[in-house]
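Input: a single structure, listed below in structure tokens.
Within every chain, numbering begins at 1; the chains are lettered A, B, ... in the order of the sequence lines, protein sequences first and strands thereafter. For the numbers below, each heavy atom of this structure counts, side chains included, while hydrogens, waters and symmetry mates do not.
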Amino acid sequence: MKRQLVVVGNGMAGVACVEQILKQSHNFEITIFGEETHVNYNRILLSLVLAGEKSPEDIVINDIEWYQTHDIRARLGVKITGIDRDKRVVIDEDGGETEYDKLILATGSSAFIPPIPGVEKKNVHVFRTLDDTRALLEKARPGLKTAIIGGGLLGLEAARGLQVRGCEVTVVHLMDTLMERQLDSTGGQYLKRKIESLGIRVMLPQQTAALFGNGRVDGLRFASGEEMEADLVVIAAGIRPNADLARSAGLEVRRGIVVNDYMETSDPHIFAVGECTEHRGQTFGLVAPLFDQGRVLASAITGNGGPAFTGASPAAKLKIMGVDIFSAGSIDESEPGVETVRYEDPSLGTYKKLLLKDDRLHGMILIGDIEDEHLYMDWMRNGTDLTPYRRQILFPPRDADPGREVADMPDSETICGCNGVRKGEIIEAIHAHGLTTLAGVKQCTRASTSCGSCTGLCEKLLRAVTPDFQEETRTTLCACVPFSYEQLRDIIRGQQLKSVEEVLNVYGNRKGCEVCKPALSYMLDMVWCGDHEEDRSARFINDRVHANIQKDGTFSVIPRMRGGVTTSDELRRIADVADKYKVPMVKVTGSQRIDLLGIKKADLPKVWADLGMPSGQAYTKGVRMVKTCVGTEFCRFGVQDSTSAGIELERRLENLFTPHKFKMGVVGCPRNCAEATVKDLGLVGQEGSWQVVVGGAAGKSVRKADLLITVETTEQAMEACDLFFQYYRENANYLERSYDFVERLGIEKIRKETVYAPEVEKTKLLDRLARAKALAKDAWLERETPVHPTQFVQIQPMEVPPT
Amino acid sequence: MNVAGVWTPITKIDNVPLREGRAVTVGGMEIAIFRLEDRCLTIENKCPHKGGPLCDGIVSGATVVCPLHGQRFDLETGMPVLASQPGGVAAYPTRVEGGIIFVDLGGSLKLPEEAAA
């Protein structure tokens with residue numbers, strides 16, 4: 001007959017422990033009681049739910065099917081109020097009794113609420129459960145004055161989450177260092193600077209004496225007597241083990257439920273696991289040791305024997321995108337025999353400190369550069385003698401053989417500490433499901449889905465095991481908005497953001513810089529196809545005045561001359577402009593156009609009007625020109641009408657913007673006189689067909705373009721151009737030239753998603769291009785309707801001061 | 001020579017768009033006035049690196065980035081943001097009253113060369 005196993009607590013530690021038990025024995029009939037009504041979810045990712053990076057569904061670890069598949073009775077929303085150890089039953093709040101042969105207490109912990117007057121007021125929250133998170137999300141809105149009490153891991157993550165939702169957040173911390181349990185004061189300074197640069201206010205040391213307000217909180221009063229307004233207060237002042245149930249049942253309890261090295265409590269039928277426990281005087285608040293506990297408990301409860309739990313050295317990582325903080329081991333420098341090695345670079349925001357004892361790694365603080373976290377953790381865990389590495393210890397050389405690190409690891413080694421996934425399991429999954437991407441590994445094993453610190457290791461494993469490994473590229477735009485391009489496009493689309501300021505205020509540091517502002521401007525224009533709030537202050541000067549700034553502060557003017565074809569009238573007007581404005585230099589460009597150099601800003605609108613030609617966009621990241629040869633019209637070798645095709649192509653795409661400048665060429669025969677094969681997009685005429693080529697370059701890089709497709713008609717060639725053009729616009733990173741883009745994605749993928757895409761996808765791409773084109777206009781028309789009265793006009797002072 | 005403590009009215013605040021700069025030639029020099037959310041700030045309009053027009057730079061917080069080569073200056077002090085960058089520019093006290101921007105053209109905050117170096 002099966003024995004009855006009752007688990008009180010449906011959180012990460014309890015359920016992970018049950019998973020381990022299921023692996024070892026099928027002799028239990030299992031009942032899990034959970035006070036929350038949710039299935040088991042990943043509590044450490046709540047901050048990402050708060051920040052909108054994940055949905056509540058994304059963080060479910062065991063869905064309801066899992067319980068069913070394993071014949072586990074899940075009693076959710078049921079609180080256990082007592083244990084009768086003589087009868088061996090647990091008693092729920094309705095008086096119902098459930099018998100057990102073995103009982104596991106996994107009651108977790110609760111937020112510690114300091115005894116501050118006023119904590120009972122409305123709009124004072126804690127941040128601990130999914131329901132807490134939902135409650136916060138309901139309150140959060142742009143501009144809401146929000147105070148976070150507590151500058152530890154959880155407090156900072158909550159702060160960022162709410163700030164991303166638009167709240168005006170201040171972190172109030174009792175100590176003079178943020179995360180003082182993980183960082184020293186220098187590290188705390190670095191962290192503070194980063195947090196502040198994200199647009200979060202930090203006040204420390206600041207003791208909150210009371211929360212004031214009539215029923216609803218209005219603000220905080222500090223011990224210093226100062227006050228601060230706040231409409232929302234989140235208390236993140238630490239956690240306390242939930243041990244009342246055990247205490248009332250007469251089990252030994254100090255701060256937590258006391259367990260031995262096998263996770264047994266003082267009653268041989270009762271075990272405990274997770275944050276409710278106290279082991280050798282230590283309590284727990286981070287997830288990794290809890291999985292170790294679960295494994296030990298499973299071996300003990302199934303009678304399999306096995307390893308003992310010997311405690312855990314602390315390791316903590318802050319989960320705020322763009323703020324890399326890792327701390328592990330002891331950070332106490334005053335310990336006898338401890339030596340400290342450190343490095344810092346304030347401009348880069350990098351700080352590394354290693355604590356050594358007897359030539360072994362004893363603890364570490366890594367800020368800004370946590371690349372070597374795994375190597376250091378290995379050194380620390382294995383007690384590696386560091387004498388041979390001492391000279392390069394802060395910058396350990398990268399292994400020449402990247403597979404080496406994972407090859408050296410035993411299959412039983414835990415790769416993902418958050419979800420307790422071992423190397424062997426990942427390798428098995430890679431083989432069984434033919435995985436080639438990190439996303440696949442995440443989906444099948446759950447490794448790397450929590451804090452993300454094992455992402456690098458999972459990738460190394462993939463690279464070592466599968467020859468077809470596809471790396472995910474995620475380049476963060478810049479420190480002001482620390483998200484990847486893909487994420488930012490999703491954010492702009494998903495959160496319906498229509499101005500650079502909105503993006504910076506909600507997802508960035510509220511300032512922005514010369515790197516991210518133009519990039520965000522481009523992304524907004526691309527995502528909304530021009531239907532957005534254009535903010536000229538976020539644009540480089542060239543895009544404010546539609547001309548290219550020169551070394552002396554004057555500008556160059558290049559009118560559009562489609563396909564490099566002009567007329568005597570145009571040439572005459574250009575000559576007249578050159579005379580009238582005393583243009584210092586008139587130059588034929590490499591793009592078959594004419595450049596007028598040395599024009600004053602104030603003269604630009606007049607010059608454009610006198611030229612009577614549209615902007616050639618030679619100053620911007622946009623469609624430059626189509627260079628052509630004379631083709632069948634005059635050339636005796638021409639087999640296609642390259643001039644007409646080039647003019648047509650230029651008309652189709654002109655006035656649109658691209659991630660980087662975009663140059664084109666059309667040639668009427670393979671002699672390639674207009675160098676179409678070294679352009680971003682080129683058409684090469686053949687007898688009866690066009691070759692469409694993409695990703696060519698003849699600048700800083702020289703690259704021959706790849707063949708996208710060969711088509712028979714000019715119309716088909718134009719469609720292929722449109723498809724590639726819009727695909728590049730939507731998927732390239734800002735300032736990524738087409739030749740880098742084509743190499744990054746590979747021409748085959750690009751073919752599959754453009755010219756060989758299903759009709760419906762092609763139509764969508766072409767529709768979006770058409771929508772953008774419909775709103776695009778010649779920028780030089782601003783000569784008649786400037787966006788601002790002083791866009792071009794020199795301001796004259798109201799009064800000349802006396803001399 | 002401009003005398004310190006004299007506030008010269010320069011232009012209507014509406015003539016300078018939010019988070020942009022505009023150049024004005026006044027009192028024998030060229031200044032760049034920047035309009036931030038809550039105030040205006042004024043510096044010399046010439047980057048000490050290669051003479052770039054700072055008024056045309058992108059504003060980042062209370063700093064401006066020279067459009068020519070990316071040198072960055074604090075708009076309040078005129079000091080370069082990176083210590084490795086040589087030299088700063090003069091910064092002039094600025095205030096807004098009745099919608100008019102006033103600058104104290106003699107009140108340059110430029111620090112002595114040795115301090116700026």
(message) At a 4.5 Å cut-off on heavy atoms, which part of B:V16 comes close to chain A: side chain, backbone, both, or neither?
(response) both
(message) With heavy-atom distances below 4.5 Å as the criterion, would you say the side chains of B:N15 and A:V793 are in contact?
(response) no
(message) Determine whether a donor-acceptor pair (N or O, by modelled atom type, separation under 3.5 Å) exists between the side chain of A:K517 and the backbone of B:V59.
(response) yes
(message) To the nearest 0.5 Å, what is the distance between CD on A:Q796 and OG1 on B:T25?
(response) 7.5 Å
(message) Using every non-hydrogen atom in the two residues, find where A:P797 and B:V24 come nearest and quote the distance to one decimal.
(response) CD-CG1, 3.8 Å
(request) Determine yes or no for a side-chain-to-main-chain donor-acceptor pair under 3.5 angstrom, with A:Q794 supplying the side chain and B:A23 the backbone. (result) yes
(request) Would you mind checking which part of A:R536 comes under 4.5 Å of any heavy atom in chain B, side chain (CB onward), backbone (N, CA, C, O), both or neither? (result) both
(request) Given side chain to side chain contact (heavy atoms under 4.5 Å, CB included), test B:T8 with A:M798 step by step and report yes or no. (result) CA-CA 9 Å; B:T8 307; A:M798 302 173 89; over 6 Å; no
(request) Output yes when B:D56 and A:K601 qualify as a salt bridge under the 4.0 Å nitrogen-oxygen rule, no when they do not. (result) yes
(message) I need the A:D535 CG to B:L18 CG distance, nearest 0.5 Å.
(response) 8.0 Å
(message) Just so I know, are the side chains of B:I58 and A:R544 near enough to count as touching, which here means a heavy-atom distance under 4.5 Å?
(response) yes
(message) Please report the interatomic distance CG(B:L68) to CG(A:D552), rounded to the nearest 0.5 Å.
(response) 9.0 Å
(message) If you count every heavy atom of other residues, nucleotides or ligands that lies below 6.0 Å from B:K12 atom NZ, does the total exceed 12?
(response) no
(message) Within the supplied structure, the quantity of interest is the number of heavy atoms (other residues, nucleotides, ligands) at a distance under 6.0 Å from B:K46 NZ; does it exceed 12?
(response) no
(message) At a heavy-atom distance under 4.5 Å, which candidate from A:N509, A:I541, A:L504, A:V545 has the highest pair count against chain B?
(response) A:I541
(message) Under a 3.5 Å distance rule, please check whether B:S60 uses its side chain to pair with a backbone N or O of A:K511 as donor and acceptor.
(response) no
(message) Heavy-atom cut-off 4.5 Å, strictly under: side chain, backbone, both or neither for A:N542 against chain B?
(response) neither
(message) Heavy-atom cut-off 4.5 Å, strictly under: side chain, backbone, both or neither for A:E501 against chain B?
(response) side chain
(message) With a 4.5 angstrom heavy-atom cut-off, is it the side chain or the backbone of A:I549 that approaches chain B, or both, or neither?
(response) side chain
(message) Taking the side chain as everything from C-beta on, heavy atoms only, tell me whether B:R72 gets closer than 4.5 Å to A:C513.
(response) yes
(request) Identify the two heavy atoms, one from A:G553 and one from B:P53, that lie closest to each other, and give their separation to 0.1 Å. (result) CA-CG, 4.0 Å
(message) Using only atom types and a distance under 3.5 Å, with no angle test, would you say the side chain of B:R22 pairs donor to acceptor with the backbone of A:T790?
(response) yes
(message) If you compare all heavy atoms of B:D14 against all heavy atoms of A:H788, which two are closest, and at what distance to 0.1 Å?
(response) O-NE2, 3.0 Å
(message) Taking atom CD as the centre, does A:E229 end up with more than 12 heavy-atom neighbours from other residues, nucleotides or ligands that are less than 6.0 angstrom away?
(response) no
